[in-house]
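Every chain is numbered from 1 and lettered A, B, ... according to where its sequence line falls, protein lines coming before strand lines. Below, each value reflects all heavy atoms present in this structure, side chains not excepted, and no hydrogens, waters or symmetry copies.
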There are 2 protein chains.
Amino acid sequence: MSLRFALLALLRVGPLSGYDLQKQFSESVGHVWHAPDSQIYPELRKMEAEGLVAAEEQPRGERATRRVYHVTDAGDRAFTDWMRTPLAYSRVRDPAHLRAAYLETTTPAAARAFLSAHIAQWQGEIARWEAELSRIDAVENPMLARRIAVTAPQDRDRTIAFKRFAYEGLVERARGEVSWGRRGLHLMDTLVADDGSWAR
Amino acid sequence: MSLRFALLALLRVGPLSGYDLQKQFSESVGHVWHAPDSQIYPELRKMEAEGLVAAEEQPRGERATRRVYHVTDAGDRAFTDWMRTPLAYSRVRDPAHLRAAYLETTTPAAARAFLSAHIAQWQGEIARWEAELSRIDAVENPMLARRIAVTAPQDRDRTIAFKRFAYEGLVERARGEVSWGRRGLHLMDTLVADDGSWAR
DNA sequence: TAGGACATGTAACCTGTTACATGATTTA
DNA sequence: TAAATCATGTAACAGGTTACATGTCCTA
């Protein structure tokens, strides 16, 4: 549902081929909304069929062509309409918290392994998002640079401020996950120390 | 993928019919892993076909029957194996942060509406989870009470400790979302105050 | 001339959502 | 006898994952 809006957000900055889009995607919006290329190409075709984007076929060498997509008026309207529409929040479905609720059913070693992996997972995400934050500050991210280039000077700060805001939110959430995992490890220490019986 | 393990977690406490399971589900594991009944019934049939659960058909009145499911040895093994298996973390796909990254493309009113809705959404979740935490402390939740009843006394603290741990994690995350949303509203104030031009 | 980047997909499958569909039993 | 609750699903579709599939062009 959101994929097409992520794609529109990128294309609104300027036309891109499916291939370029997919590459830019993975190092910009992809940090917030992951999508593999096998999903991007068909989605672009669907959006084309619905008139949200239009493709211009460009010859590439002798035989090959590439399809360069741009946003149509209808696509632009779809994007701005979506931005005004309340978000549909999906119901919680969280494998990590599901498992956490039943850690007493496994061995202390498995419980600790789960918690350590959770911490490592989110530390990895923090590293990625913080790197992205530095790139935002330095306007090093190519998509952001292009976006800033086509943005009126008085609007640039806002553009950057919201990118920062979004990524800071992700980093904070990830930090929360890490500290939750650490609390879990402490909990393990107290539970195992209090009661030597827990080992299966 | 996780649905069957959520179901097994409940059934390990004792046999339940699909209907009872579905009711208990929504007020226990369902807080962590939502699933509608239209998903639960077919999943139980699939699990039965795979030998993870077995059903006993009980007559109900003159004509009707109900199928009461219990966990088989294979099902128990599947659950404990899953508890030992590293979790597969799925890639980030977060509509709220996606939208947040592009708030400069909409009106200040729409941006504020989005942030307020985000805050309200997570405050609602906090209320639900905190209520559940009180029920956990009072051992009022029927599934937890049954679970405690079949748990050896020295293991009860652990069982409760991990339920608390899981729900506390959810509450903390939700608090993070609320404070992120509030920061967003403050950001709006500074951006709109600094620059009267932002209104479309 | 070989390898890496460019370029674009299809197919099968799983998970989840939404809407629809039906009927029996119990209780007020 | 009507309403609530018990009881169990099916069907169609949307969205996402994984694996597979194919070929061109540029550059060292």
Side-chain angles (χ1 to χ4, degrees), chain A residues 1-8 15-27 29-30 32-50 52-53 55-69 82 87-95 98 142, chain B residues 1-7 15-27 29-30 32-50 53 55-69 82 87-95 98 142:
Chain A
M1 190 70 241
S2 296
L3 173 58
R4 57 178 51 196
F5 300 108
L7 293 172
L8 285 173
L16 285 171
S17 70
Y19 183 78
D20 288 332
L21 194 46
Q22 171 243 112
K23 300 211 83 176
Q24 298 304 325
F25 196 91
S26 63
E27 48 192 60
V29 226
V32 190
W33 190 274
H34 168 77
D37 37 338
S38 68
Q39 207 187 347
I40 291 177
Y41 287 115
E43 185 65 25
L44 283 169
R45 287 290 187 164
K46 265 169 69 185
M47 290 164 74
E48 190 183 12
E50 293 174 39
L52 304 180
V53 298
E56 194 195 334
E57 302 229 335
Q58 289 183 350
R60 169 176 163 259
E62 296 287 288
R63 252 166 300 229
T65 56
R66 46 183 236 140
R67 301 172 57 80
V68 177
Y69 290 93
W82 177 72
L87 263 197
Y89 286 84
S90 51
R91 309 294 295 267
V92 180
R93 194 169 280 114
D94 185 324
L98 170 60
Chain B
M1 190 70 242
S2 296
L3 172 58
R4 56 177 53 197
F5 299 107
L7 294 172
L16 285 171
S17 69
Y19 184 79
D20 288 332
L21 195 46
Q22 170 244 113
K23 299 211 85 176
Q24 298 304 324
F25 196 92
S26 63
E27 47 192 62
V29 225
V32 190
W33 190 274
H34 168 77
D37 38 337
S38 68
Q39 207 187 348
I40 291 177
Y41 287 114
E43 185 66 23
L44 284 170
R45 287 290 188 163
K46 264 168 69 184
M47 290 163 73
E48 190 183 12
E50 294 174 37
V53 297
E56 194 195 334
E57 301 227 335
Q58 289 184 349
R60 168 174 166 262
E62 296 286 289
R63 253 166 301 229
T65 57
R66 47 183 234 141
R67 303 171 56 79
V68 178
Y69 290 94
W82 177 71
L87 264 196
Y89 286 84
S90 52
R91 309 293 294 268
V92 181
R93 194 170 281 113
D94 186 325
L98 170 61

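- Here the P atom of nucleotide C/dC14 and the NZ atom of B/K46 are 7 Å apart, to the nearest Å.
- Nearest approach of B/A6 to B/V29, heavy atoms of both residues: CB-CG1, 3.8 Å.
- DNA chain D lies under 4.0 Å from at least one heavy atom of each of the following residues of residues 33-42 of chain B: B/S38, B/Y41, B/P42.
- Each of A/R91 and A/R45 was matched to the nucleotide of DNA chain C holding its nearest heavy atom; the match closer to the 5' end belongs to A/R45.
- B/R66 contributes no side-chain N or O that forms a donor-acceptor pair with the base of D/dC6 under 3.5 Å.
- A straight line from CG of A/L3 to C1' of D/dG16 spans 10 Å, rounded to a whole angstrom.
- Residues B/L21 and B/L16 come closest through the heavy atom pair CD1-CD1, 3.7 Å.
- Both A/R60 and B/Y69 lie close to DNA chain D; mapped to their nearest nucleotides by heavy-atom distance, the more 5′-ward contact belongs to B/Y69.
- Each of B/E56, B/Q58, B/E48 was compared with B/R67 under the side chain to side chain donor-acceptor pair (under 3.5 Å) criterion, and only B/E48 meets it.
- Look at OH on B/Y19: it is 16 Å from P on C/dA24, rounded to the nearest Å.
- In terms of heavy-atom proximity, A/L98 sits nearest to B/S2 at CD2-CB, 3.8 Å.
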Audit row: B/L3, B/F25, side-chain contact (heavy atoms from CB on, under 4.5 Å) steps and yes/no: CA-CA 11 Å; B/L3 172 58; B/F25 196 92; 3.9 Å; yes

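- For the pair B/P36 and B/Q39, the minimum side-chain heavy-atom distance is below 4.5 Å.
- Straight-line distance from the CZ atom of A/R67 to the P atom of D/dG23: 19 Å, rounded to whole Å.
- Counting to the nearest Å, the P atom of C/dC14 and the CD atom of B/E43 are 12 Å from each other.
- With rounding to whole Å, A/F25 atom CZ is found 16 Å from C/dT8 atom P.
- Between B/L7 atom CG and C/dT15 atom C1' there is a gap of 14 Å when expressed in whole angstrom units.
- Side-chain proximity of A/R63 to D/dT8, D/dT24, C/dT8: nearest is D/dT24.
- The two atoms that bring A/L7 and A/M47 nearest to each other are CD1-SD, 3.9 Å, heavy atoms only.
- Atom P of nucleotide C/dA7 and atom NZ of A/K23 are separated by 10 Å, given to the nearest angstrom.
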